[in-house]
Amino acid sequence: MSNHTGDELGFGTLAVHAGVEPEPTTGAIMTPIFQTSTYVQPAVAQPRGGRYDYGRTANPTREALEANIAALEGGTRGVAFASGLAAIEAIVKRLSAGDHVVSEENTYGGTTRMFVHVLSRLGLEFTFVDTRDPDAVAAAIRPETKLVHVETPTNPMMRLADIARLAELAHDAGALLSVDNTFASPYNQRPLELGADFAVHSSTKYINGHSDIIGGLVAVRDEELAEELLFIRKSTGAVPGPMDCWLTLRGVKTLHVRMERHNSNGLAVARYLESHPAVEHVLYPGLESHPQHELARRQMRGFTGMVSVDVGTLERARALSEHLRVFALAESLGGVESLISVPALMTHASVPEDRRLAMGVTPGLVRLSVGIEDEADLLEDLARVLDGNA
Ligand SMILES: *Cc1c(COP(=O)(O)O)cnc(C)c1O
């Protein structure tokens, strides 16, 4: 994957500059927080800029963020939402009762919950499959299938889906492909360039990167899809506040710098854990031992700071997560600080046990979100507990 997304500018330059213009009245270099619900119109039904009539419809801080994510994903348009789940919901709400969605079975738990317990009540149908296997996706596609939704890498099993292959499959069947790119970030993986129709993010995670907002972003290449998403957002209301958009814009300026460190710390932690006798196995796409390492190398530039590791038993998983000092015990991921969680008891507690076990979410599984601290301190923290002298 090249470092360049646009015709000319590299990813880092786009992260800092895309979507951001000096403010015209004062020349303020930072996009102001347009904390307003409405706008004064010079004449009846003539909003300035043709669109600034009400904050749910248009907001300049939000628009700057949207232009930025579009550039980083190699798309033409971006749409910002109040959360990652609201972003995914809007993609699915393009569909109508009777339409069918094929979804990865090991998505973020909240995504499956929304599909099963909310959207299927409205007459949409969902089939959950292991999207590592393109044949399983092909077999699940029906005439009514309008969308294939995948997450790669998945949470917490680090399964990968072959984006280019699934885009072909979906398009041949007249469906669209949406890729939850939250775990990879656009620095490491750009689904639109591989043929996907939607790249969707919980910007709560790597894009904002500082664990201080909840947000969602979608990038698309097709103008019509962007207009549909904007219409759905305007009609259903899941807009992010201007302050949160501003914080995300501030965070995204360092995405490329942070991801380099997440990638290198993630790989160092994965290699260290793989070599440790107290560890049964490590799931990390950047390790040669990952069953889809070759695909990872083909469609990702780096392998992020997300590392899952099986320490054998729930007792050991609990001991590790409660005794670390640099890693904090918390849900979520993608912030500058390192976190640890036990998926079976935390993020995936609502998934029925048999389904959890079938996916590999064992009681001894621990998920690390490796931050950007010093590598030596992270390894020492893990060694202190794993070597048994906590
Ligand atoms: C956190 C997360 C979501 C949900 O995003 P929110 O911002 O919490 O609504 C969706 N997908 C993935 C992969 C996530 O990690």
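Applying the side chain to side chain donor-acceptor pair (under 3.5 Å) test to pairs two or more places apart or on separate chains, those with a residue in residues 113-127 are H100-T127, E125-R142. The ring pair (Phe, Tyr, Trp, His ring centres under 6.0 Å) pairs that include a residue from residues 332-386 number zero, where partners must be two or more places apart or lie in different chains. Within the structure, side chain to side chain donor-acceptor pair (under 3.5 Å) pairs that include any residue of residues 151-168 comprise E104-R159, E105-R159, N106-T154, N155-R367 (at least two apart or interchain). The side chain to side chain donor-acceptor pair (under 3.5 Å) contacts involving residues 36-49 comprise nothing, where partners must be two or more places apart or lie in separate chains. Residue pairs meeting the ring pair (Phe, Tyr, Trp, His ring centres under 6.0 Å) criterion with at least one member in residues 219-265, sequence neighbours excluded: Y206-H262.
The two atoms that bring L382 and L273 nearest to each other are CD1-CD2, 4.3 Å, heavy atoms only. Considering all non-hydrogen atoms of both residues, R77 and A70 come closest at C-CB, 3.5 Å. Counting all heavy atoms, side chain and backbone alike, H210 lies closest to N208 at ND1-O, 2.8 Å. Residues A278 and R316 approach most closely at O-NH1, 4.4 Å, considering heavy atoms. Contact detail for S341 and A330: the closest heavy-atom pair is CB-O, 3.6 Å. Minimum interatomic distance between E331 and T347 (heavy atoms only, all atoms of both residues): OE2-N, 3.7 Å.
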If you apply the rule side-chain contact (heavy atoms from CB on, under 4.5 Å), what do you find for L378 with V370, and how did you get there?
CA-CA 8 Å; L378 296 172; V370 181; 3.7 Å; yes
Go through T236 and E89 one step at a time and tell me if the side-chain contact (heavy atoms from CB on, under 4.5 Å) criterion holds. CA-CA 10 Å; T236 59; E89 185 190 24; 6.0 Å; no
* Asked: Checking side-chain contact (heavy atoms from CB on, under 4.5 Å) for the pair T362/E280: CA distance, chi angles, key distance, verdict?
  -> CA-CA 12 Å; T362 53; E280 307 225 325; over 6 Å; no
- Check step by step if side-chain contact (heavy atoms from CB on, under 4.5 Å) holds for R301 and F11. CA-CA 12 Å; R301 163 155 86 178; F11 188 94; 4.2 Å; yes
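For CD of E294, the number of neighbouring non-hydrogen atoms (other residues, nucleotides, ligands) closer than 6.0 Å is 12 at most. The 12-atom threshold is not exceeded at CD of E380, counting heavy atoms of other residues, nucleotides or ligands nearer than 6.0 Å. Heavy-atom contacts from other residues, nucleotides or ligands closer than 6.0 Å to CD of E224 number 12 or fewer. Counting non-hydrogen atoms of neighbouring residues, nucleotides and ligands closer than 6.0 angstrom, the CZ atom of R318 reaches no more than 12 such neighbours. More than 12 heavy atoms of other shown residues, nucleotides or ligands fall within 6.0 angstrom of atom CD in E322. More than 12 heavy atoms of other residues, nucleotides or ligands lie within 6.0 Å of CZ in R94, so this atom counts as buried by the packing criterion.
Electrostatic pairing of R233 and E66 counts as a salt bridge here, judged by a charged N lying under 4.0 Å from a carboxylate O.
Side-chain atoms of R51 do not come within 3.5 Å of backbone N or O of T57 as any donor-acceptor pair. Under the 3.5 Å distance criterion, the side-chain polar atoms of R261 are left unmatched by any main-chain donor or acceptor of V336. Using a distance-only test at 3.5 Å, with no hydrogens or angles considered, a donor-acceptor pair links the side chain of N188 to the main chain of A184. No donor-acceptor pair under 3.5 Å is formed between the side chain of N181 and the backbone N or O of V200. Remark: the backbone N or O of T13 is not paired with any side-chain donor or acceptor of H17 at under 3.5 angstrom. Counting only distance, with no hydrogens or angles, the side chain of D374 and the backbone of A376 share no donor-acceptor pair below 3.5 Å. Side chain of Y284 to backbone of G305: no donor-acceptor contact under 3.5 angstrom is found. Put simply, the side chain of D197 never gets that close to the backbone of L176: no donor and acceptor are under 3.5 Å apart. A distance-only check finds no donor-acceptor pair linking the side chain of T31 to the backbone of T61 [under 3.5 Å]. With hydrogens and angles disregarded, no donor-acceptor distance shorter than 3.5 Å links the side chain of D99 to the backbone of L124.
When only modelled atom types and interatomic distance are considered, S338 and E373 share a side-chain donor-acceptor pair under 3.5 Å. Judged purely by distance below 3.5 Å, without hydrogens or angles, the side chains of Y52 and E63 pair a donor atom with an acceptor atom. Defined by atom type and a distance below 3.5 Å, a donor-acceptor pair is present between the side-chain atoms of S178 and H149. For the residue pair T107 and T112, a side-chain donor N or O sits within less than 3.5 Å of a side-chain acceptor on the partner.
Atom OG1 of T304 and atom CG of N265 lie 11.5 Å apart (nearest 0.5 Å). With rounding to the nearest 0.5 Å, the separation of OG in S321 from CE in M346 is 7.5 Å. In this structure, T204 OG1 and D212 CG are separated by 10.0 Å, a value rounded to the nearest 0.5 Å. Atom CD of E144 and atom OG of S96 lie 13.0 Å apart (nearest 0.5 Å). For the atom pair CG (D133) and CG (L166), the distance works out to 9.5 Å, reported to the nearest 0.5 Å. Atom CG of residue L255 and atom CD of residue E260 lie 10.5 Å apart, to the nearest 0.5 angstrom.
Across D222, I88, L147, a single residue satisfies side-chain contact (heavy atoms from CB on, under 4.5 Å) together with F198, and that is L147.
For the pair E274/S289, a side-chain contact is recorded, criterion being any heavy-atom separation below 4.5 Å from C-beta on. A 4.5 Å side-chain heavy-atom check between I214 and D244 finds every atom pair outside the cut-off. For the pair F183 and M158, the minimum side-chain heavy-atom distance is below 4.5 Å.
No cation-pi contact links K93 to F81, judged by a cut-off of 6.0 Å to the six-membered ring centre and 45° from its axis.
Ring geometry, H293 versus F303: the interplanar angle falls from 30° to 60°, so the pair is classed tilted.
Residues passing the side-chain hydrogen bond (donor to acceptor under 3.5 Å, both in side chains) test with R56: none are found, sequence neighbours excluded.
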